[in-house]
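Quick notes on the structure that follows.
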Amino acid sequence: MMSAAHATIRASDAGRHVGVLADDSFEGREGGSRGGRAAATYIVEQLTKLGIPPAGDSGTYYQPFGGMRNILALIDGSDPELAKEVIVVGAHYDHVGYGNADNSYGPFGYVHNGADDNASGVAGLLEMVEAIGHLPERPRRSILIAFWDGEEKGLLGSYHFLRVAPQGMAGRRVVLSVNLDMIGRLRGNRLEVYGSRTAHGLREIVVQANNRPSHAAGLDLSFVWDIEEDSDHYPFIAARIPTVMFHTGLHDHYHRPSDDVHLVNLPGIEPVARLALGFVAAVANDPASIPPFRGECRTESNTTRNRLEAAIPDTDGSPRGRWGIGTRNDSGEPDAPVIIRVWRDSPANRAGMMPGDRIMAIDDARISSHADMLERLKAAGTTTVIDVERRGHVTRLELSDTAP
Ligand SMILES: [Zn+2]
């Protein structure tokens with residue numbers, strides 16, 4: 001049962017990992033430093049305890065580069081063919097040490113514990129690894145677990161990995177990556193999801209994972225379209241590999257000595273790790289091939305998104321149409337048109353439909369395109385059941401085409 005695996009993802013375990021990694025004795029885990037090496041030793045101990053085979057160089061967990069080390073482990077896929085395809089799930093474990101004018105908002109010279117950035121992501125990933133071991137069946141595609149070093153020095157670890165394949169990756173290729181960076185400040189249940197438009201269909205897989213009751217995620221998802229070179233998702237996107245990043249948002253303690261464990265929302269790590277696991281498991285087991293990289297994502301931004309999703313006011317006197325909705329096609333998600341207009345006193349309005357909702361299914365049939373949606377709306381009876389997605393939640397609305 002997926003739920004049995006999810007039950008192994010625990011705030012208390014995550015809290016233990018964050019507590020160790022964000023302790024002053026690790027001196028802020030700067031890449032190449034004594035504290036950084038101590039953090040690596042702790043992570044390798046956890047992987048050894050969990051029994052995940054190493055995938056670094058020379059049969060070890062380590063992929064050394066420039067005095068730093070990525071830590072890599074591989075969960076081999078159960079399907080002989082699909083096992084050649086690798087999903088990389090990563091989190092950087094380094095931070096900025098004592099901080100300086102280049103990497104800290106100050107004060108400098110004090111240990112920057114980086115509890116949220118990114119001990120939280122490391123903890124979430126370790127909890128995911130444990131949970132994968134409790135899945136009813138080993139995933140069909142291979143999953144590479146990566147703890148990146150040198151992220152704070154310019155994404156050095158993830159860039160190195162993409163430039164120089166570790167020996168443990170021989171004969172395999174990366175088809176998708178997932179990045180956990182700063183998942184320790186869940187506020188109001190709101191999770192930022194980056195990169196959903198790097199391949200068609202990723203948003204839907206995330207939404208499905210968020211809505212499966214056994215996943216116990218149920219987060220408010222904020223899909224961010226901006227793509228910046230500010231975490232380990234970027235080198236993958238630059239290498240044209242579909243990539244999704246989960247992030248609970250910035251805060252006043254970001255890159256300051258005060259990013260401490262007592263400010264981390266440990267229970268909040270649970271739903272994020274469960275969502276990430278549900279997403280990874282779904283992709284890893286999907287018999288269909290992983291959709292190709294969508295180059296257009298590089299030129300899209302939140303501005304593009306705001307333009308696409310902008311509501312049209314219900315005042316221009318144009319005819320209402322049967323259900324009272326206006327939609328806009330999204331070339332990035334053609335099977336989830338956006339509602340941009342809901343007429344007053346219309347069936348859609350009475351059912352609670354809102355601009356910004358995305359139509360996913362009509363009368364239990366998945367939408368395949370904007371034209372398909374229009375066809376189905378036309379063909380529907382006097383009542384129709386429409387599944388819409390709103391901020392990552394799927395809501396079922398019943399529209400009735402009769403006078404109120
Ligand atoms: Zn970070």
Side-chain angles (χ1 to χ4, degrees), residues 85 87-90 92 148 151 154-163 173-182 190-208 210 220-250 276 279 283 288-312 326-341 355-360 367-373 389-392:
E85 300 184 359
I87 298 166
V88 175
V89 190
H92 76 88
W148 310 118
E151 190 267 357
L155 320 178
L156 299 183
S158 48
Y159 270 125
H160 178 78
F161 169 83
L162 287 164
R163 221 170 13 238
R173 68 186 179 95
V174 179
V175 293
L176 182 113
S177 92
V178 175
N179 185 31
L180 304 177
D181 197 356
M182 300 175 64
R190 181 178 171 277
L191 179 69
E192 293 178 9
V193 182
Y194 291 75
S196 66
R197 298 173 73 82
T198 55
H200 175 243
L202 296 182
R203 176 181 176 136
E204 191 198 328
I205 303 172
V206 173
V207 167
Q208 299 289 7
N210 191 45
D220 278 330
L221 304 182
S222 171
F223 290 94
V224 183
W225 292 19
D226 293 332
I227 291 172
E228 286 174 45
E229 192 173 6
D230 57 0
S231 183
D232 296 304
H233 64 310
Y234 186 84
F236 287 89
I237 292 173
R240 303 184 62 82
I241 295 167
T243 300
V244 168
M245 170 166 75
F246 299 107
H247 172 61
T248 51
L250 294 178
F279 173 72
V283 177
S289 56
I290 307 280
F293 181 75
R294 214 183 133 260
E296 300 92 307
C297 73
R298 299 294 301 276
T299 55
E300 294 170 343
S301 65
N302 280 339
T303 311
T304 324
R305 172 194 154 163
N306 292 339
R307 217 179 297 135
L308 178 82
E309 296 182 352
I312 293 177
T327 56
R328 193 173 279 150
N329 181 46
D330 177 358
S331 60
E333 300 290 345
D335 47 9
V338 192
I339 294 171
I340 51 165
R341 175 170 189 171
D357 289 351
R358 279 172 180 265
I359 296 191
M360 299 185 78
I367 295 303
S368 62
S369 67
H370 196 253
D372 175 46
M373 177 203 71
E389 185 228 311
R390 186 179 299 165
R391 293 192 307 274

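What's counted below: heavy atoms across the whole structure, side chains too, no hydrogens, waters or symmetry copies. The residues of the chain are indexed from 1 along the displayed sequence. Note that the coordinates shown come from a computational prediction; the quantities given were computed from them, not determined experimentally.
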Where do Phe161 and Phe236 land on the side-chain contact (heavy atoms from CB on, under 4.5 Å) test, with the steps shown first?
CA-CA 10 Å; Phe161 169 83; Phe236 287 89; 4.0 Å; yes
Checking side-chain contact (heavy atoms from CB on, under 4.5 Å) for the pair Val178/Val88: CA distance, chi angles, key distance, verdict?
CA-CA 6 Å; Val178 175; Val88 175; over 6 Å; no
Pairwise distance [atom1]([X]) to [atom2]([Y]) - rounded to 0.5 angstrom:
X      : Y      : atom1 : atom2 : result
Ile339 : Glu309 : CD1   : CD    : 11.5 Å
Tyr194 : Asp181 : OH    : CG    : 10.0 Å
Leu202 : Cys297 : CG    : SG    : 10.0 Å
Ile205 : Ile290 : CD1   : CD1   : 7.0 Å
Asp335 : His370 : CG    : NE2   : 12.5 Å
Ile241 : Ile87  : CD1   : CD1   : 12.0 Å

Could you go step by step and tell me if Glu296 and Ser331 meet the side-chain contact (heavy atoms from CB on, under 4.5 Å) rule?
CA-CA 10 Å; Glu296 300 92 307; Ser331 60; 6.0 Å; no
So which heavy atom on [X] is nearest to which on [Y], and how close?
X      : Y      : answer
His200 : Pro291 : O-CG, 3.2 Å
Tyr159 : Gly154 : CD1-O, 3.7 Å
Leu180 : Ala276 : CD2-CB, 4.1 Å
Ser222 : Arg190 : OG-NH2, 3.3 Å
Thr299 : Thr304 : O-OG1, 4.2 Å
Pro242 : Pro292 : CG-C, 4.3 Å

Would you find a donor on one side and an acceptor on the other, under 3.5 Å apart, between the side chain of [X] and the backbone of [Y]?
X      : Y      : result
Asn306 : Asn302 : yes
Thr198 : Thr243 : yes
Asn210 : Gly392 : yes
Arg328 : Leu308 : yes
Arg240 : Phe293 : no
His247 : Glu192 : no

After noting the C-alpha distance and the side-chain angles of Arg197 and Glu300, does the key distance pass the salt bridge (charged side-chain N to carboxylate O under 4.0 Å, His left out) rule?
CA-CA 9 Å; Arg197 298 173 73 82; Glu300 294 170 343; 2.7 Å; yes
Indicate yes or no: at least one non-hydrogen side-chain atom of [X] is less than 4.5 angstrom from one of [Y].
X      : Y      : value
His92  : Leu155 : no
Glu389 : Gln208 : no
Glu151 : Ser231 : yes

Taking the six-membered ring of Phe223 as reference, does the cationic atom of Arg203 (NZ for Lys, CZ for Arg) lie under 6.0 Å from its centre and within 45° of its axis?
yes
Apply side-chain contact (heavy atoms from CB on, under 4.5 Å) to Arg391 and Leu221, showing your working.
CA-CA 5 Å; Arg391 293 192 307 274; Leu221 304 182; 5.8 Å; no
